[in-house]
K.L.:
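Right, I'll just put the structure down here and ask away after.
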Number of protein chains: 2
Amino acid sequence: MSRMHNPPHPGEVLREWLPEGMTVTEAANALGLSRVTLSKILNTHAGITADTALRLAKWLGTSADLWIGMQGQYDLWQAAKKPRPKIRPIVAKLAA
Amino acid sequence: MSRMHNPPHPGEVLREWLPEGMTVTEAANALGLSRVTLSKILNTHAGITADTALRLAKWLGTSADLWIGMQGQYDLWQAAKKPRPKIRPIVAKLAA
DNA sequence: GGGAAGTGTAAAGTATTAATTAACGCTTAA
DNA sequence: TTAAGCGTTAATTAATACTTTACACTTCCC
């Protein structure tokens, strides 16, 4: 089902992965990103791209999937908040 | 693990969900998208956004997750093909 | 033959978003 | 007081999705 309400922004989660005492500047350098870009992500002002997910995976030893999946959940949740035209289900699913 | 090599573009998969005989034009109308946009998706010339995933979910009775996840896998695979600076793992994970 | 419908694609325009570098003001620690 | 780190803004560049309009092509049907 993959239910989840109000999934966290990936940046919040990434925060928890940064080793104690590591500066944002250091992390940005390690990832080959600018300090501004990483700061934006960590403060939920930018999202994680496929490219960034791959960098995080290499750096942290996680799957890239983890990050891209998290971003997807977040995006879906945000998009669901916005108005959208009513869409009629293609067929009334008749089970019985 | 979520391993997958060469994951299909979501548009290819969407193709299979369209009922026999339904025209692209009809499907686009049902989804509230322009014909051009849907055609691009089906021909793998555009991706599926969170908004589009929600429309597909409503229309087809699937989860939105399915589509956004598929797009994520596709994006990751494409991104992985491109060059990226070498990134040193943060710590050599010493298990023993 | 000739029209109508459906399709793929291209072009032009709008909007969003991620990325960069440079710069500013703030806080904290030496 | 200086230096480092941080968050944030601004200006720029680059993608990408989406729209409408338009064109060329095929297929089907009279």
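As a basis for the values below, the full set of heavy atoms in this structure was taken, side chains included, without hydrogen atoms, waters or symmetry mates. All of these numbers come straight from a predicted model, not from anything done at the bench. In the text below, chain A, chain B and the rest are named by the order of the sequence lines, each starting its count at 1.
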K.L.:
Is there side-chain contact between A/Gln73 and B/Asp65, with at least one heavy-atom pair below 4.5 Å?
P.N.:
yes
K.L.:
Where does the chain B footprint on DNA chain C start and end, counting 5' to 3' with a 4.0 Å heavy-atom cut-off?
P.N.:
C/dG6 to C/dA10
K.L.:
State plainly whether one hydrophobic cluster holds both B/Ile68 and A/Trp77, where clusters connect Ile, Leu, Val, Met, Phe, Trp and Tyr through side-chain heavy atoms under 4.5 angstrom apart.
P.N.:
no
K.L.:
Atom CG of B/Leu42 and atom C1' of D/dA17: how far apart are they, to the nearest Å?
P.N.:
15 Å
K.L.:
Between B/Lys82 and A/Ser39, which residue's closest nucleotide on DNA chain D lies nearer the 5′ terminus?
P.N.:
A/Ser39
K.L.:
Just by modelled atom types, is the B/Ala46 backbone N or O under 3.5 Å from a matching donor or acceptor in the B/His9 side chain?
P.N.:
yes
K.L.:
Between A/Val24 and B/Leu33, which residue's closest nucleotide on DNA chain D lies nearer the 5′ terminus?
P.N.:
A/Val24
K.L.:
To the nearest Å, give me how far apart CD1 (B/Ile41) and P (D/dT16) are.
P.N.:
15 Å
K.L.:
Ignoring backbone atoms, establish whether B/Ser34 has a side-chain N or O less than 4.0 Å from OP1 or OP2 of D/dC18.
P.N.:
no
K.L.:
Within this structure, what is the NZ-to-P distance between A/Lys40 and D/dT8, rounded to whole angstrom?
P.N.:
11 Å
K.L.:
Send over the distance from B/Asn43 CG to D/dC18 C1', rounded to a whole Å.
P.N.:
16 Å
K.L.:
Using a 4.0 Å heavy-atom cut-off across all strands, classify B/Arg55 as base, sugar-phosphate, or nothing.
P.N.:
nothing
K.L.:
Listed by chain and number, what are the salt bridge (charged side-chain N to carboxylate O under 4.0 Å, His left out) partners of A/Arg84, not counting sequence neighbours?
P.N.:
B/Asp51
K.L.:
Whole angstrom is fine here: how far is it from CZ in B/Arg35 over to C1' in D/dT19?
P.N.:
13 Å
K.L.:
Determine the contact category for B/Thr49: base if any of its heavy atoms lies under 4.0 Å from a base atom, sugar-phosphate if only primed atoms, P, OP1 or OP2 are that close, otherwise nothing.
P.N.:
sugar-phosphate
K.L.:
Hey, are B/Trp67 and B/Thr62 close enough side-chain-wise for a donor-acceptor pair under 3.5 Å?
P.N.:
yes
K.L.:
Calculate the interatomic distance between B/Leu38 atom CG and D/dT20 atom P; express it in whole Å.
P.N.:
14 Å
K.L.:
From CD of B/Gln78 over to C1' of D/dT16, roughly how many Å is that when rounded to an integer?
P.N.:
15 Å
K.L.:
Can you sort out the partners of A/Glu12 under side-chain hydrogen bond (donor to acceptor under 3.5 Å, both in side chains), two or more places apart, ordered by chain and number?
P.N.:
none
K.L.:
Counting only side-chain N and O atoms of B/Thr37, is one of them less than 4.0 Å from OP1 or OP2 of D/dT19?
P.N.:
yes
K.L.:
With sugar-phosphate meaning primed atoms plus P, OP1 and OP2, does B/Thr25 contact a base, only sugar-phosphate, or nothing at under 4.0 Å between heavy atoms?
P.N.:
sugar-phosphate
K.L.:
Given atom OH of B/Tyr74 and atom C1' of D/dT16, what is their separation to the nearest angstrom?
P.N.:
13 Å
K.L.:
Would a 4.5 Å heavy-atom cut-off, applied to side chains only, mark B/Asn43 and B/Arg15 as touching?
P.N.:
yes
